[in-house]
S.K.: 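Below you'll find the structure I mean.
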Number of protein chains: 2
Amino acid sequence: MKISKKQQILDSALSLFSTKGIDATSTASIAKAAQVATGTLFHHFPNKQRLVHQLYLAIKHDLSLQFTPLQTQDTNELEPLAKSLWNNALDWAIQYPQKLKFFQLASVSQLLSVQEQADAMAQELGVIMQLITKGQQSGDFAPHPIELVALNCQAQYLSASNFYIDNPALTNDQHYRDASFCMFWNALRPLS
Amino acid sequence: MKISKKQQILDSALSLFSTKGIDATSTASIAKAAQVATGTLFHHFPNKQRLVHQLYLAIKHDLSLQFTPLQTQDTNELEPLAKSLWNNALDWAIQYPQKLKFFQLASVSQLLSVQEQADAMAQELGVIMQLITKGQQSGDFAPHPIELVALNCQAQYLSASNFYIDNPALTNDQHYRDASFCMFWNALRPLS
DNA sequence: GTCTATAAGTGGATAGAC
DNA sequence: GTCTATCCACTTATAGAC
């Protein structure tokens with residue numbers, strides 16, 4: 001057996017959550033989709049909430065892996081670095097639309113506490129925070145409050161990702177790609 | 001009796017939906033909170049989905065009313081107009097945090113079809129679309145695809161609103177207000 | 001219009017065999 | 001670790017009295 005039952009459950013849960021919503025998906029339907037008994041599901045996860053939480057952490061970690069390869073790049077030129085991070089993140093969302101959708105559902109739902117979300121953000125997306133701080137120090141970015149800027153970045157990223165997922169034909173359209181990055185980048189800049 | 005039972009049901013539904021989530025809120029709990037029998041609820045709304053839909057439309061309309069008083073203003077100067085629209089919308093969200101929360105839940109959940117959401121957007125928020133078009137024609141804004149720009153505006157608005165709702169102490173902090181508008185406005189501008 | 005009572009079904013979660 | 005079988009609280013929605 002190549003994939004463990006636990007992983008099958010997580011995969012099926014992601015698929016169902018992202019299409020039907022988290023609350024609207026029963027544990028029984030997850031087990032059925034994973035070709036597993038409900039007893040097995042509750043053997044691996046003490047309850048539904050823990051299953052959601054574990055899936056959330058796994059996906060957030062997965063996204064963070066898109067950023068790490070770029071950490072070693074030259075950081076003197078901020079814009080090209082930001083552009084490759086932006087495109088990496090967008091490509092990830094386009095490749096795994098279910099992960100993005102679930103990520104969004106989990107963020108908006110009250111299943112995870114604000115604290116849990118903030119912790120996951122700080123741990124996994126620390127690279128982004130450092131980049132914002134660096135840009136503010138060099139004067140490339142406006143000196144706005146960092147929490148506000150971080151939330152704004154996340155919001156613009158989710159917005160652009162959803163657009164590409166809903167309009168697959170435009171995925172590789174350079175005009176659209178440039179436009180989305182331009183808005184993102186300009187938002188961070190100081191008033192000229 | 002000042003408020004109709006139907007309105008009591010809508011009010012209680014909004015309150016419960018925004019705190020517990022839509023799926024996680026039972027019709028029985030809505031009826032109980034509204035001090036009404038379940039039979040009464042189903043007399044006014046054929047089913048739960050219709051109740052959600054009706055609430056969604058009412059709230060979207062409520063938001064749109066924040067924009068109409070400004071339509072008659074002088075539109076030669078775009079930035080001050082945009083700033084007052086931005087602040088109006090933020091103030092509305094801060095005053096009615098439950099409405100914003102529900103609005104977000106309904107947008108992300110699959111309860112409303114993409115078409116229904118787009119229709120409501122076009123009808124109620126047409127003012128915003130016209131403003132974007134006008135800015136693009138005058139050269140104040142970059143000529144990005146309008147759908148992309150509209151979604152970006154909505155995302156930044158929701159992001160800023162959530163921040164203020166989660167941090168009530170900063171509601172009237174001018175530094176934060178200016179920062180959030182600066183990001184929003186800059187995102188729309190062309191590359192300098 | 002509003003209520004009570006209840007139908008008919010689904011939910012998360014558990015016990016215990018293998 | 002995985003399964004079958006099952007508990008029972010809770011769900012949406014309806015019927016019919018007032």
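Proteins get letters first, then strands, A, B, ... in listed order; numbering begins at 1 in each. The basis for the numbers below is simple: all heavy atoms, side chains too, and nothing from hydrogens, waters or symmetry mates.
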S.K.: dC3(D) phosphate, OP1 or OP2: any side-chain N/O from Thr40(A) under 4.0 angstrom?
M.R.: yes
S.K.: Ring pair (Phe, Tyr, Trp, His ring centres under 6.0 Å) with Phe163(A): which residues, sequence neighbours excluded?
M.R.: Tyr176(A)
S.K.: Can you tell whether the side chains of Lys83(A) and Asp178(A) come within less than 4.0 Å, N to carboxylate O?
M.R.: yes
S.K.: Using whole Å, report how far CG of Leu41(B) lies from P of dT11(D).
M.R.: 13 Å
S.K.: Could you name each residue pair satisfying salt bridge (charged side-chain N to carboxylate O under 4.0 Å, His left out) that touches residues 51-68 of chain A, not counting sequence neighbours?
M.R.: Asp62(A)-Lys99(A)
S.K.: For Ile30(B) and dT11(D), give me the distance from atom CD1 to atom C1', rounded to whole Å.
M.R.: 12 Å
S.K.: What is the separation between atom NZ on Lys6(A) and atom P on dG1(D), rounded to the nearest whole Å?
M.R.: 9 Å
S.K.: So which pairs with a foot in residues 13-53 of chain B pass ring pair (Phe, Tyr, Trp, His ring centres under 6.0 Å), sequence neighbours left out?
M.R.: Phe17(B)-Phe102(B)
S.K.: Let me know which of Leu55(B), Ile30(B), Thr19(B) forms a side chain to side chain contact (heavy atoms under 4.5 Å, CB included) with Leu14(B).
M.R.: Leu55(B)
S.K.: Could you write out each protein N or O paired with an N or O of nucleotides 12-18 of chain D at a distance under 3.5 Å?
M.R.:
from    : atom 1 : to       : atom 2 : distance (Å)
dT12(D) : OP1    : Lys48(B) : NZ     : 3.1
dT12(D) : OP2    : Thr27(B) : N      : 2.7
dT12(D) : OP2    : Thr27(B) : OG1    : 2.9
dA13(D) : OP2    : Lys48(B) : N      : 3.1

S.K.: Is the distance from OP1 or OP2 of dC3(D) to the nearest side-chain N or O of Lys5(A) less than 4.0 Å?
M.R.: yes
S.K.: Whole angstrom is fine here: how far is it from CZ in Phe45(A) over to C1' in dT14(C)?
M.R.: 18 Å
S.K.: In whole Å, I'd like the distance from the NZ atom of Lys32(A) to the C1' atom of dG11(C).
M.R.: 16 Å
S.K.: Tell me: CD of Gln7(A) to P of dT2(D), nearest whole Å?
M.R.: 13 Å
S.K.: Let me check something: any side-chain donor-acceptor pairs from residues 32-41 of chain B under 3.5 Å, sequence neighbours excluded? List them with distances.
M.R.:
none

S.K.: Taking ring pair (Phe, Tyr, Trp, His ring centres under 6.0 Å) as the test, write out the residues that go with Tyr164(B), two or more places apart.
M.R.: none
S.K.: Round to the nearest Å and state the distance from Ile22(A) atom CD1 to dG11(C) atom P.
M.R.: 16 Å
S.K.: To the nearest Å, give me how far apart CD1 (Ile9(A)) and P (dA13(C)) are.
M.R.: 14 Å
S.K.: Just to confirm, is there a sub-4.0 Å distance from OP1 or OP2 of dT2(C) to any side-chain nitrogen or oxygen of His44(B)?
M.R.: yes
